[in-house]
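Nothing here was measured: the structure is a model prediction, and the numbers come from that model. Each ligand, and each atom within it, is numbered from 1 in the order the structure gives.
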Amino acid sequence: MQTTDKRSDRFALVTGGGSGIGEAICHRLARDVTAVAVLDIDVDAARRVAEDIKHAGGNAIPVHGNVADRVSIEEAVNRVHAELGPVTVLVNNAAIEGFQLFEDIEEASWERVMEVNLKGPYIAVQAVLADMRGAAWGRIVNISSLAAQIGAFKMAHYSASKGGVTSLTRTLAIELGAQGITVNAIAPSFIDTPMARRAIAASDLPIPFEEILKSYPIPRFGRPEEVAAACAFFASDEASYITGQLLGVNGGAAF
Ligand SMILES: NC(=O)c1ccc[n+]([C@@H]2O[C@H](COP(=O)([O-])OP(=O)(O)OC[C@H]3O[C@@H](n4cnc5c(N)ncnc54)[C@H](O)[C@@H]3O)[C@@H](O)[C@H]2O)c1
C-alpha cells in the first residue's frame, strides 16, 4: 500500500542508503516519493542501490557524501538540487558502531562515533532546512537505537550518540513544527544487517545473541523492511500530526 500519492515535487535524501536499513528505506520511499537520493560514503554501494531501484521501476540517484563533513554534505545536497530538486524528506540513517569497554574507549574513537552518528544529523538537517521551509512541508526521520533506551554492552559511545539523536529529534520537533516540518525517530533493536552481524561477531555479549532474541515478545531478528515501513509512515502526509516521537521497531524489546 502506498502511504502517499506520488507527487512530482517530493524528493528524499537517505544517508547511509547503501546498506542494510538505509537500503531498505530507499527502496520503500521510492514507492512514495518522486525520487530518492541514495547518499553514502561508499559510493559504489549507493550506485548499486540506486540501480536496483531503477530496475524495479523507481527513480533514484547515487550521491557520494560523508555525513561528518559539512562541505561534503553541502556538495551532495547541491547535486540533489541539480539532478532532482529540493529535499523535503530527510532520513538520517548513516552511523558507525564501535565495541569497547567504556574505560578502553579512546578519545579519537569517541569523537569519530559522535561525528558520524550525532554531528552527521545536525549537518544534514542544516543542509536541507531551507528546502523544507521553502516547501512549507518537510519530514525528518532520525534512526536512533534500542541502545539509546536500554544501553548496550561495550557500546557506550554508540548508545550515547543515539541518545543524542533522540534528544535532537525532540528539540527539532519543537522548533520546526509550526513550519510544517515534522521530526521523528525510530529505535530499532537487532535488525539483520551488516552492522548487526558485525556487532554480534565483535561485541562478546555477556548473554548469547540467540538468547537475547528469544527473550523478545517477537523472538527473532528484525528485518530492514520492517524499519523502512515505519520510516515511510513518518515520511507520509498521513503522519502530519505526529512529531517529536520515538517509535521502537524492536519486537517488543522495550516499551
Ligand atoms: N542493524 C541494527 O541492528 C541496528 C539497530 C539499531 C539501530 N541501527 C541503526 O540503523 C542505521 C542503519 O544501520 P545498518 O545496520 O543498516 O548499518 P550498515 O552498517 O549496514 O549501513 C550503514 C551505512 O552507512 C554508511 N555510512 C557509514 N558512515 C558514513 C558516513 N560518514 N557518511 C555517509 N554514510 C556513511 C555505510 O557506508 C553503510 O552503507 C544506523 O543508524 C544504525 O545505528 C541499526
Return the closest protein heavy atom for [atom] as residue, atom name and distance.
{"atom": "atom 29 (C) of ligand 1", "answer": "I41 CG2, 3.8 Å"}
{"atom": "atom 24 (O) of ligand 1", "answer": "G16 CA, 3.3 Å"}
{"atom": "atom 15 (O) of ligand 1", "answer": "T193 OG1, 2.5 Å"}
{"atom": "atom 44 (C) of ligand 1", "answer": "I21 CD1, 3.6 Å"}
{"atom": "atom 22 (C) of ligand 1", "answer": "A95 O, 4.2 Å"}
{"atom": "atom 9 (C) of ligand 1", "answer": "I143 CG2, 3.7 Å"}
{"atom": "atom 32 (N) of ligand 1", "answer": "V67 N, 3.0 Å"}

Flag the pair [X] and [Y] as a salt bridge only when some basic side-chain nitrogen lies within less than 4.0 angstrom of an acidic carboxylate oxygen.
{"X": "E97", "Y": "R198", "result": "yes"}
{"X": "R10", "Y": "D32", "result": "no"}
{"X": "E51", "Y": "R48", "result": "no"}
{"X": "E175", "Y": "R133", "result": "no"}
{"X": "R79", "Y": "E83", "result": "yes"}

Interfacing atoms of ligand 1 (cut-off 4.0 Å, heavy-atom, [X]):
{"X": "F190", "value": "3 (O)"}
{"X": "V116", "value": "28 (N), 31 (N)"}
{"X": "N66", "value": "30 (C), 31 (N), 32 (N)"}
{"X": "R198", "value": "19 (O)"}
{"X": "Y158", "value": "6 (C), 7 (C), 8 (N), 9 (C), 42 (C), 43 (O)"}
{"X": "P194", "value": "20 (O)"}

Quick one: does [X] get a heavy atom under 4.0 Å from ligand 1?
{"X": "K162", "result": "yes"}
{"X": "E115", "result": "no"}
{"X": "S189", "result": "yes"}
{"X": "G65", "result": "yes"}
{"X": "S144", "result": "yes"}

* So, N93 versus T15: side-chain donor-acceptor pair below 3.5 Å or not? -> no
* Asked: Does some side-chain heavy atom of L84 sit less than 4.5 Å from a side-chain heavy atom of T34?
  -> no
* Flag the pair V165 / I143 as yes when at least one side-chain heavy-atom distance between them is below 4.5 Å, and no otherwise. => no
Distance check, rounded to the nearest 0.5 Å: [X] atom [atom1] versus [Y] atom [atom2]?
{"X": "C231", "Y": "L29", "atom1": "SG", "atom2": "CG", "answer": "5.0 Å"}
{"X": "M195", "Y": "S19", "atom1": "CE", "atom2": "OG", "answer": "8.5 Å"}
{"X": "N92", "Y": "N142", "atom1": "CG", "atom2": "CG", "answer": "4.5 Å"}

* Would you check if the distance from the ring center of F99 to the ring center of Y158 is below 6.0 Å? => no
* Could you tell me whether F153 and F102 have their ring centroids closer than 6.0 angstrom? =>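 Not under 6.0 Å, so no.
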Can you confirm, on distance only, whether ligand 1 has an N/O atom lying under 3.5 Å from any N/O atom belonging to [X]?
{"X": "I191", "result": "yes"}
{"X": "N93", "result": "yes"}
{"X": "P188", "result": "no"}
{"X": "S145", "result": "no"}

* Nearest candidate to atom 36 (C) of ligand 1, where distance is taken over non-hydrogen atoms, out of D44, I96, D40 ->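 Answer by nearest heavy atom: D40.
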* Which one of A199, A94, S161, S19 has a non-hydrogen atom at the shortest distance from atom 21 (O) of ligand 1? -> S19
* Asked: Within a radius of less than 6.0 Å around CD of E106, do more than 12 heavy atoms belonging to other residues, nucleotides or ligands occur?
  -> no
